[in-house]
Every structure is written in C-alpha cells, then in structure tokens.
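To keep things clear, I will list the structure first and then write my remarks on it.
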Amino acid sequence: MSERVVLAYSGGLDTTVAVAWLKQNHNLDVVAVAVDVGQGGDMEVIRDRALKSGAVESVVVDASSEFAANFIGPALRANALYQNKYPLVSALSRPLICKHLVEAARVHDASFVAHGCTGKGNDQVRFEVSLGALAPDLQVLAPIRDWGMTRDQSIEYGLAQGLPIAPGNVSKYSVDENMWGRTIECGQLEDPFIEPPDEIWERTVDPTVAPSQVAYHNIGFVDGLPNELDETRMPLADIVAFIDKVAGSYGFGRVDMIEDRVVGIKSREVYEVAGSLALIKAHVDLEELTLDRETLRTKRHLEQRYAELVYEGLWYSPLRDAIDAFIANTSQYVNGVVRLRFKPGDVSVAGRSSSGSLYDMALATYDKQDAFDHGAGAGFVKLWGLPAKVWGRVHPPVTPR
C-alpha cells in the first residue's frame, strides 16, 4: 500500500496535473482537498475532477463562514492593505487552507502534504511556512516547482496521462478568487505598460457604463465588525457579498499595481476588490470618529506591519497574535453606523454616527454654541513651540542667498 499525500486541490490545470505527477514520480496515493472560501463555482464538479485525475479520495470543505469570521474579520479590523493597495485576497485564504490540509492529513494518515505553487510566487512561502507552523512533522512537496514545466508542457503532460483537461478551456491568465476579492495575473498583464483588457473583469463593470443614479447603504458595526446592512442583522459573509456586488456594479474596486513579492521580484498584479475596499474605507472612517489620536497613530503604524506579516506567510506568528490582541482591545470602541455612497467609479463615506463618538459639536462648532476655550490657545501654542524656539536660538537658520 502506497503512502498518502494530501494535495491542496483547486481544480485548475496545475493541481489536476499534480495528482498524476505525484503518483507517477513519488508513488503516492493522493487525497485531494478543495477548500471553499467563497470562490464560487460547483465544488462537486471540482471534487469529481480530482477523482477522474486519479485521486484516491477527494474532499470538499465548506470553510466560507470560517474564512469570514476568523480571517476576513481580523484583516478588516486591521484595515490590512499590502503596500496600501492590496486587501490580501489570496494571502488571507492560504493559512486557512493549510489548517484544513493538516486536519485531512491526520484523518487520512498522510505523511506528506502538497501544494500547487510555482517557484517564484508568494504562495509557496505562505503554504510552507503555515504548514511548518501547524505540523512540523509533515513533509511538504511542491510538484509544480519541482517539475519546471511550462503551461503548454503541463497541458501536453495532462493530455498524455488522460486527465480531464480541455486545452481550449485553459485560461491564459492565472486567477485566484474568494469572497474577499479576485486576483488576475499572467498573459499580457505581464507587460506593465499594457492596459488590462476588458476580458479579465468579472466582478466589476466599466465605470462608464455603471448606473448613473447614486445609491446609499448603511453598514452597522459592533466591535469593529460589520453586523448590519441597512438596519438588518446579517452575517459578515453576506454583508461582504452584498457590498462587493453593489460596489462592483458601479465600477469600483479595480486595482492595478506593481507589487513587491516576498521572493524579491516585482510583479504586475491586477485585482477586483470592490467589497473589501469599500468595507475597509467604512471601517477606517468609523475608527476616526471613535478612537483617540494617539491610539489611531499607533494602530495605523501596526496596520502596515500586520498586512506585511499576512502577505509574507506569517499568519501563524506570535507578532500577528500580539497585534491582533491590540486591535481587539481598540475594536471594543468601534461601534456605530457608516453610510456609504455609491456612484460611477467610486464608493465614499457620506456620513457616520456612533454612541461612542469623540466628536463634540460644542467644541468643534464656530457658531455661538462654541464651548472651546480660545483663551487657552495662546499658552498652548507658546509651550508647544518652545522646543523649536530654543533650537532656533541656538542654531539660527541659514538664510538662503
């Protein structure tokens, strides 16, 4: 009886070919595990494709609710955007997929786990670092990285092995998708000067054909997480899906960026992230209403580090846990409602309210209700500027000629 390997199976070309390659080159029985993180499609079709490719077992895990609660939720609270642009679509799903790979390895008594990542991508780092943290005893295999075949060679190999591959249906782009967004790369997108063609977009429309009528939706937050849509209680996953659809229908959420990969190269990445960007925008605004200045300053700094940790495959790390603890503490004050305005090509905050608002009308107004002590301003400015004044006295500025 052959030993077993648990393969992270997507149903695409690479992982379908990997089923046969692992059997042929390592004499391993493959247990294919497909994890549903809200990417859409028929998961039963994917399960059947794995079996037709030679897998001895094919498991489909519905992890969409878990993904929303335990991965999207913390990332949203952290306003996590890598390089201030990318909402960590693929990066967030990998540690969850690894968790289920390890669980399947234990159930099926497998000594190996495998992924379908290339040798110059970020995902090899995310899979192998997460798997090492969760199950250091398991051996990790990377068939796509090892075989070094081009996409065309993979198709030829798959056809020669009689695998369920239709060459005409193999996309020239590499696409990854879940409820937090959609990523597109490869093909002509590899030339950073070429504008993304219309054919790549699926979840967003061209802003020029978006509805002209402006729409508004209210997002309710409790402890920094959306829990209401237009005064109706709703699971986070459903709110994400609704906002993604509405924002995408207005042509919002297309990101085209030059990204710094973990392995040290720059790559051109294109994303459709309408819902994630809209909800992060709403959350940031509510924090500005409910958190004090010093806490906000510190949190904004930590948000960038948080995004870097997740992007670089360090979800299962003590530092991310520590930052999450800080964010959980601050999030207890982030409660209220944010009103989003949807118009062609844009989503913006139209209003916000909170019972814990730090905005004091009596202090902010310039009207007759003004309660601010203007007389205290002179003394404050004098003391605030004292260090600069002393420095200038000792080190007089040089007057430009």
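What you see is a predicted model, and the numbers here were worked out from it, not measured in a lab.
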Verdict with supporting geometry, K23 and D29, salt bridge (Lys or Arg N to Asp or Glu O under 4.0 Å): CA-CA 6 Å; K23 177 65 177 178; D29 287 336; 3.1 Å; yes
Ring centres under 6.0 angstrom apart (H217, F242): yes
Distance flag, aromatic centroids of F342 and F252, threshold under 6.0 Å: no
Evaluation steps, salt bridge (Lys or Arg N to Asp or Glu O under 4.0 Å), between R352 and E288: CA-CA 10 Å; R352 74 290 288 166; E288 291 169 351; over 6 Å; no
Expected output: side-chain S174 to main-chain C186 donor-acceptor under 3.5 Å: no
Full working for salt bridge (Lys or Arg N to Asp or Glu O under 4.0 Å) between R106 and E103: CA-CA 5 Å; R106 302 310 187 201; E103 290 176 1; over 6 Å; no
Worked verdict on R49 versus D42 for salt bridge (Lys or Arg N to Asp or Glu O under 4.0 Å): CA-CA 11 Å; R49 184 176 298 136; D42 191 333; over 6 Å; no
Sequence neighbours excluded - ring-ring contact (aromatic ring centres under 6.0 Å, His included) pairs with any residue from residues 115-148: W21-W147, H115-F127
ring-ring contact (aromatic ring centres under 6.0 Å, His included): pairs with one or both residues in residues 33-75, sequence neighbours excluded: F71-W315
Can a side-chain donor-acceptor contact be found between [Y] and [X] if the only test is distance below 3.5 angstrom?
{"X": "N218", "Y": "E228", "answer": "no"}
{"X": "Y157", "Y": "Q24", "answer": "yes"}
{"X": "Y306", "Y": "N79", "answer": "no"}
{"X": "R47", "Y": "S58", "answer": "no"}
{"X": "D152", "Y": "T150", "answer": "no"}
{"X": "D62", "Y": "S64", "answer": "yes"}

Y271 side chain near S276 side chain, heavy-atom distance below 4.5 Å: no
Basic-acidic side-chain contact under 4.0 Å: K172, E199: yes
Derivation and outcome, side-chain contact (heavy atoms from CB on, under 4.5 Å), residues D223 and V334: CA-CA 5 Å; D223 293 339; V334 186; over 6 Å; no
Cation-aromatic face contact R261/Y311, 6.0 Å, 45 degrees: no
